[in-house]
Peer 1: 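Just passing along the structure, written as structure tokens.
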Amino acid sequence: MVTDHRKQPRRRGEALNAAIFEAVLAELAEVGYARMTMERVAERARTGKASLYRRWPNRMELAMEAVYHAMPDPACPAQTGSLRGDLLALLRSQAELLAGPAGEALRGLLSEVLSDASRMAELRRLSHGSSRQAMGEVARRAVERGEIEASAVTPRRLEVGQAMLRHQFLSHGVPIADEVIVEIVDEVLLPLLSR
């Protein structure tokens with residue numbers, strides 16, 4: 001028997017958003033970004049399509065917000081006590097995210113927008129920069145511990161690890177092998193940040 005969501009108590013605010021984000025991630029895992037629709041998300045979240053469209057004008061914005069909502073707080077990446085340990089922990093957690101619904105969303109979003117400059121600009125606008133923020137926090141702690149010099153921390157250097165991880169993901173798929181993560185840290189990031 002199918003329960004009509006309109007006869008259940010009305011959810012609002014964060015409770016409704018949480019149900020919607022959960023539905024988006026479940027849809028991404030089950031059918032992928034290409035087949036995810038606002039209708040299917042609304043049905044899975046037991047809400048009306050109007051609730052979705054009031055908050056998100058299209059599925060790209062909905063998928064991105066759901067993925068960012070599921071990500072760990074970039075201001076609080078894992079602390080292991082060393083730069084190497086923190087970098088490994090950060091890249092491992094990001095590789096794990098790419099192996100799930102977040103990776104499916106990223107792959108689908110990129111394939112949808114790459115040929116359309118205005119859609120690509122919209123995707124950039126929606127990007128929160130959380131990967132760089134997390135890397136910045138790892139580097140800041142390493143500077144405080146005296147492991148690296150503050151002058152070695154630049155915006156481009158903070159992007160290198162995640163850029164390599166995304167390249168590996170897009171070129172070779174998932175799961176990303178742990179030895180690849182170790183190589184990125186040991187052969188690229190540590191020498192780059194230790195200059």
Side-chain angles (χ1 to χ4, degrees), residues 21-37 41 56 58-78 80 83-139 142 153-193:
F21 293 152
E22 185 178 314
V24 169
L25 296 176
E27 279 295 300
L28 287 169
E30 187 176 306
V31 302
Y33 180 79
R35 293 181 47 212
M36 183 188 95
T37 65
V41 170
W56 303 279
N58 56 56
R59 72 183 182 140
M60 178 168 63
E61 290 195 26
L62 174 59
M64 286 199 65
E65 190 163 344
V67 166
Y68 281 117
H69 185 264
M71 293 174 78
D73 182 356
C76 303
T80 66
L83 175 60
R84 183 177 189 273
D86 288 357
L87 290 171
L88 287 169
L90 179 61
L91 293 185
R92 284 173 176 150
S93 72
Q94 290 175 344
E96 189 176 316
L97 281 171
L98 289 172
E104 176 58 39
L106 177 62
R107 189 180 297 110
L109 287 165
L110 288 174
S111 67
E112 184 176 286
V113 303
L114 279 175
S115 61
D116 184 336
S118 65
R119 296 289 309 259
M120 193 64 180
E122 183 181 358
L123 182 62
R124 271 192 226 99
R125 179 184 62 77
L126 295 170
S127 175
H128 295 177
S130 57
S131 295
R132 188 184 325 162
Q133 185 182 352
M135 186 63 82
E137 179 58 21
V138 166
V153 181
T154 66
R156 290 289 167 246
R157 289 178 183 175
L158 293 178
E159 291 177 352
V160 170
Q162 283 86 359
M164 293 184 78
L165 204 61
R166 281 189 297 270
H167 172 74
Q168 185 73 22
F169 163 71
L170 292 171
S171 299
H172 304 284
V174 290
I176 296 172
D178 195 60
E179 60 260 18
V180 171
I181 294 170
V182 171
E183 288 168 359
I184 291 171
V185 169
D186 290 345
E187 296 175 17
V188 180
L189 292 177
L190 287 177
L192 194 61
L193 292 170

Peer 1: Return the minimal non-hydrogen interatomic distance between Ala63 and Val24, and the atom names on each side.
Peer 2: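 That closest heavy-atom pairing would be CA-CG1, 4.1 Å.
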Peer 1: Sequence neighbours excluded, which residues qualify as salt bridge (Lys or Arg N to Asp or Glu O under 4.0 Å) partners of Arg84?
Peer 2: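 For Arg84 the salt bridge (Lys or Arg N to Asp or Glu O under 4.0 Å) partners, ignoring immediate neighbours, are Asp186.
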Peer 1: Rounded to the nearest 0.5 Å, how far apart are CG of Leu189 and CG of Leu158?
Peer 2: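 Answer rounded to 0.5 Å: 9.5 Å.
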Peer 1: Side chain to side chain contact (heavy atoms under 4.5 Å, CB included) with Ala177: which residues, sequence neighbours excluded?
Peer 2: Glu179, Val180
Peer 1: To the nearest 0.5 angstrom, please state how far the CE atom of Met120 sits from the CD atom of Glu112.
Peer 2: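 Going from the CE atom of Met120 to the CD atom of Glu112 covers 12.0 Å.
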Peer 1: Sub-3.5 Å donor-acceptor pair from the side chain of Ser111 to the main-chain atoms of Gly108, do we have one?
Peer 2: yes
Peer 1: Quick one: pull up CD in Glu104 and CG in Leu106 and give me the separation to the nearest 0.5 Å.
Peer 2: 9.5 Å
Peer 1: Are more than 12 heavy atoms, taken from residues, nucleotides or ligands other than Glu96, located less than 6.0 Å from that residue's CD atom?
Peer 2: no
Peer 1: For Arg156, give me all partners under salt bridge (Lys or Arg N to Asp or Glu O under 4.0 Å), at least two apart in sequence or on another chain.
Peer 2: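 Counting only residues at least two positions away or on another chain, Arg156 forms a salt bridge (Lys or Arg N to Asp or Glu O under 4.0 Å) with Glu159.
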Peer 1: Can you confirm whether Glu122 sits close enough to Glu61 that some side-chain heavy atom of one is under 4.5 Å from a side-chain heavy atom of the other?
Peer 2: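 Yes, their side chains come closer than 4.5 Å.
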Peer 1: Looking only at heavy atoms, which two atoms of Leu28 and Pro101 are closest? And how far apart?
Peer 2: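 Taking every non-hydrogen atom into account, CD1-O, 3.7 Å.
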Peer 1: Is the side chain of Thr80 donor-acceptor paired with the backbone N or O of Asp86 at a distance under 3.5 Å, no angle test?
Peer 2: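 Answer holds: yes.
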Peer 1: Side chains of Arg119 and Leu123: closer than 4.5 Å at any heavy-atom pair?
Peer 2: no
Peer 1: Hey, can you tell me if His172 and His167 have their rings parallel, tilted or perpendicular (30° and 60° cut-offs)?
Peer 2: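 Perpendicular, since the angle between the ring planes exceeds 60°.
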Peer 1: For a quick test of reading the model, state the closest non-hydrogen atom pair linking Pro77 to Glu137 and the distance between them.
Peer 2: CD-CG, 3.6 Å
Peer 1: Is the closest side-chain heavy-atom distance between Leu91 and Leu87 below 4.5 Å?
Peer 2: no
Peer 1: If I take atom CD from residue Glu27 and atom OG1 from residue Thr37, how far apart are they, to the nearest 0.5 angstrom?
Peer 2: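 Output value for this atom pair is 6.5 Å.
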Peer 1: Looking only at heavy atoms, what is the nearest atom pair of Gly173 and Ile176, with distance?
Peer 2: O-CG1, 4.0 Å
Peer 1: Check Ser131 against Arg166 and note the closest heavy-atom contact, atom names and distance.
Peer 2: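 Smallest heavy-atom distance, with atoms named: OG-NH1, 4.4 Å.
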Peer 1: Would you say the side-chain atoms of Arg59 pair up with the backbone N or O of Tyr33, donor to acceptor, closer than 3.5 Å?
Peer 2: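 Present.
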Peer 1: Between atom CG of Leu88 and atom CG of Asp178, what is the distance when rounded to the nearest 0.5 Å?
Peer 2: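 One gets 7.5 Å once the value is rounded to the nearest 0.5 Å.
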Peer 1: Working to the nearest 0.5 angstrom, can you tell me the gap between Glu30 CD and Met36 CE?
Peer 2: 13.0 Å
Peer 1: Restricting to non-hydrogen atoms, name the atom on Ala102 and the atom on Leu97 that form the minimum distance, rounded to 0.1 Å.
Peer 2: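 Nearest heavy atoms, Ala102 then Leu97: CB-O, 3.5 Å.
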Peer 1: Quick one, Gln162 and Arg132 - any side-chain contact, counting heavy atoms below 4.5 Å?
Peer 2: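 When only atoms from C-beta onward are counted, Arg132 and Gln162 do not touch, as no gap falls below 4.5 Å.
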